[in-house]
Student: 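Structure provided below as structure tokens; questions to follow.
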2 protein chains.
Amino acid sequence: MLRPKQRPANIVSRDPERTRQRILAAALKEFAVRGFAGARVGAIARRARINKRMLYHYFQDKNGLFRSVLRHKINERMRRAEEMAVDPKLVSSLPQWFRQNCQDADWVRLLAWESLQSVRDSVLDEKERRRLARQVAEVIRKKQEAGRLRGDVPPHFVQLAKISLTMLPVALPQLARLIVGCSPRNRKFQEEYGRFLETISVGFRPSIVVVK
Amino acid sequence: MLRPKQRPANIVSRDPERTRQRILAAALKEFAVRGFAGARVGAIARRARINKRMLYHYFQDKNGLFRSVLRHKINERMRRAEEMAVDPKLVSSLPQWFRQNCQDADWVRLLAWESLQSVRDSVLDEKERRRLARQVAEVIRKKQEAGRLRGDVPPHFVQLAKISLTMLPVALPQLARLIVGCSPRNRKFQEEYGRFLETISVGFRPSIVVVK
DNA sequence: CTAGTTTGTAACCAAAAAGTTACTTGGAAA
DNA sequence: TTTCCAAGTAACTTTTTGGTTACAAACTAG
């Protein structure tokens with residue numbers, strides 16, 4: 001009678017969903033920091049404060065875990081992309097992309113690791129991700145049509161340039177630090193670089209006249 | 001008397017310098033493809049067609065080999081940078097930087113791996129590399145003074161932007177492929193993207209008037 | 001010629017890391 | 001209450017991989 005059948009919400013001894021999420025979160029952090037080859041399943045287990053065995057209970061193996069983490073994040077991004085497609089006001093400019101990347105640095109780094117390590121073999125869930133990319137490209141095309149972006153360049157190149165400018169300092173902070181002198185995680189850097197991107201973005205706007 | 005003391009130049013059974021170079025070249029390739037954690041010393045030895053033991057004869061260990069490879073490439077870059085500093089005509093534009101990176105993709109990828117893996121700890125030969133970076137920044141500053149580049153932005157941000165735009169498609173080809181649809185190693189892509197960079201670079205030029 | 005040093009090989013070892021076995025515990029349904 | 005399965009643990013095995021030892025062959029100084 002001390003223990004009611006309905007278990008109290010605060011004292012939980014077993015909770016599969018929580019455990020699963022914990023492993024996913026821990027794996028994201030570990031993979032983001034060390035990459036796939038550098039990551040240690042033992043370290044992930046420790047970080048998630050679960051037994052290594054459970055990791056193999058919820059996921060096939062190290063590889064499967066990596067793919068699950070990726071999928072999880074991809075789905076998250078898909079949802080966000082759909083929200084943005086609905087509300088065109090949310091379509092972001094260069095500094096906004098940059099801020100977003102700074103916020104989700106783990107995802108950016110995961111992407112970088114994945115792209116770096118899969119030189120020959122194709123990438124996970126290629127089809128869906130291509131669709132996501134095309135979706136973004138479509139938004140850019142519409143902006144070009146509306147005259148808010150120069151129309152004499154291919155949309156996907158604009159997209160690639162945007163990603164390059166906003167992702168590299170987040171993905172490769174050490175490299176960025178060699179150049180600018182301070183860590184890209186520095187708040188002041190982020191603000192200043194954001195403003196810089198704003199300034200630079202005239203290169204993407206239409207009808208420019210260069211006065212000698 | 002069949003074997004003269006002076007060994008014939010064409011039949012060489014032992015050649016330390018060649019072996020060393022071979023190991024370095026093989027290690028560069030392996031590290032560029034798989035990164036430090038993913039690289040296998042056995043694979044490097046096989047690639048170099050030497051015995052694994054020799055690798056430890058010429059270099060301390062896997063770590064030492066990685067640093068040697070990096071140093072080797074850094075020196076190469078230093079020399080090139082000095083040449084460029086002498087002849088201001090060689091100071092390169094965005095498309096030229098991009099082409100250079102395409103040519104030396106292994107170096108670009110090595111840089112990316114290094115930066116990605118060393119999140120907390122500092123980077124190798126930080127002092128010299130900072131000097132190299134400042135050297136490049138100085139060239140940019142001079143261009144600004146000469147009025148060939150807009151002067152209202154910090155030189156090192158311009159440098160960071162240039163590196164981002166010209167390095168990312170080479171360092172992360174899979175990611176770029178998701179966006180543009182074809183491999184960045186594709187010759188046609190390289191030409192088109194080079195032209196695109198040329199177009200975009202008006203954003204870096206001074207005295208721009210945006211006509212509504 | 002020969003003794004000693006350098007360059008090279010094959011086989012081996014130890015540590016680390018992935019993955020597994022055998023067992024226990026919690027709790028919900030019968 | 002009892003039964004049974006999912007959730008959990010500790011300790012173990014296997015595989016991988018960085019690093020080493022013991023030995024042989026080539027070259028070089030004396």
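Computed over heavy atoms, backbone and side chain alike; hydrogens, waters and symmetry mates excluded.
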Student: Rounded to the nearest angstrom, tell me the gap between atom CE in M54(A) and atom C1' in dA22(C).
Tutor: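 In whole Å, dA22(C) C1' lies 15 Å from M54(A) CE.
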Student: Using whole Å, what does the distance between atom P of nucleotide dA10(C) and atom CD1 of I50(B) come to?
Tutor: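 My rounded result for the distance is 12 Å.
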Student: Rounded to whole angstrom units, what separation is found between the CD atom of E17(B) and the C1' atom of dC27(D)?
Tutor: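 Rounding to the nearest Å, CD of E17(B) and C1' of dC27(D) are 17 Å apart.
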Student: With a 4.5 Å cut-off on side-chain heavy atoms, are M167(A) and L111(A) touching?
Tutor: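 Answer yes - side chains close enough.
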Student: For the side-chain contact (heavy atoms from CB on, under 4.5 Å) test, which of V69(B), I74(B), N101(B) pairs with W107(B)?
Tutor: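 With W107(B) as partner, side-chain contact (heavy atoms from CB on, under 4.5 Å) holds for just one option, I74(B).
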Student: Looking at dA7(D), I'd like to know if its phosphate oxygens (OP1 or OP2) sit under 4.0 Å from a side-chain N or O belonging to T19(A).
Tutor: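 The answer is no; no side-chain N or O of T19(A) sits under 4.0 Å from OP1 or OP2.
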Student: Between side-chain atoms of residues 20-37 of chain B and protein atoms elsewhere (two or more places apart, or another chain), which donor-acceptor pairs fall under 3.5 Å?
Tutor:
residue: Q21(B); atom: NE2; partner: E17(B); partner atom: OE2; Å: 3.0
residue: K29(B); atom: NZ; partner: D106(B); partner atom: OD1; Å: 3.3
residue: K29(B); atom: NZ; partner: D106(B); partner atom: OD2; Å: 2.7
residue: E30(B); atom: OE1; partner: R47(B); partner atom: NH2; Å: 3.2
residue: E30(B); atom: OE2; partner: R34(B); partner atom: NE; Å: 3.3
residue: E30(B); atom: OE2; partner: R40(B); partner atom: N; Å: 3.2

Student: Show every ring-ring contact (aromatic ring centres under 6.0 Å, His included) that has at least one partner inside residues 164-195 of chain A, sequence neighbours left out.
Tutor: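 Of all non-adjacent pairs touching residues 164-195 of chain A, those that pass ring-ring contact (aromatic ring centres under 6.0 Å, His included) are F98(A)-Y193(A), F189(A)-Y193(A), F189(A)-F157(B), Y193(A)-F196(A), Y193(A)-F157(B).
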Student: Give the intermediate values and the outcome of side chain to side chain contact (heavy atoms under 4.5 Å, CB included) for residues R130(A) and E126(A).
Tutor: CA-CA 6 Å; R130(A) 275 291 252 290; E126(A) 187 134 354; 3.5 Å; yes
Student: Could you walk me through whether V153(B) and R150(B) pass the side chain to side chain contact (heavy atoms under 4.5 Å, CB included) test, one step at a time?
Tutor: CA-CA 7 Å; V153(B) 285; R150(B) 58 187 304 166; 4.0 Å; yes
Student: I need a per-nucleotide contact map over nucleotides 14-23 of chain D, read 5' to 3'. Cutoff is protein heavy atoms under 4.0 Å; write B for the base, S for backbone only, - otherwise.
Tutor: ---SBBBB--
Student: Using atom CG of L55(B) as one end and atom C1' of dA10(C) as the other, report the distance to the nearest whole Å.
Tutor: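 Distance, rounded to whole Å: 16 Å.
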Student: Rounded to whole angstroms, how far apart are CD1 on I23(A) and C1' on dT9(D)?
Tutor: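 Checked: the CD1 to C1' distance equals 14 Å.
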Student: Starting at atom CZ of R49(B), determine the distance to atom P of dT9(C), rounded to an integer number of angstrom.
Tutor: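 Roughly 12 Å, once rounded to whole Å.
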Student: In whole angstrom, what separates D15(B)'s CG from dT7(C)'s P?
Tutor: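 It works out to 10 Å between those atoms.
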Student: Return the value, rounded to whole Å, for the distance between atom CZ of R18(B) and atom P of dC27(D).
Tutor: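 These atoms are roughly 11 Å apart.
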Student: For F59(A), answer base if it contacts any base atom (sugar-phosphate contacts may also be present), sugar-phosphate if it contacts only those atoms, and nothing otherwise; contact means non-hydrogen atoms under 4.0 Å.
Tutor: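 Answer is nothing: F59(A) stays at 4.0 Å or more from every strand.
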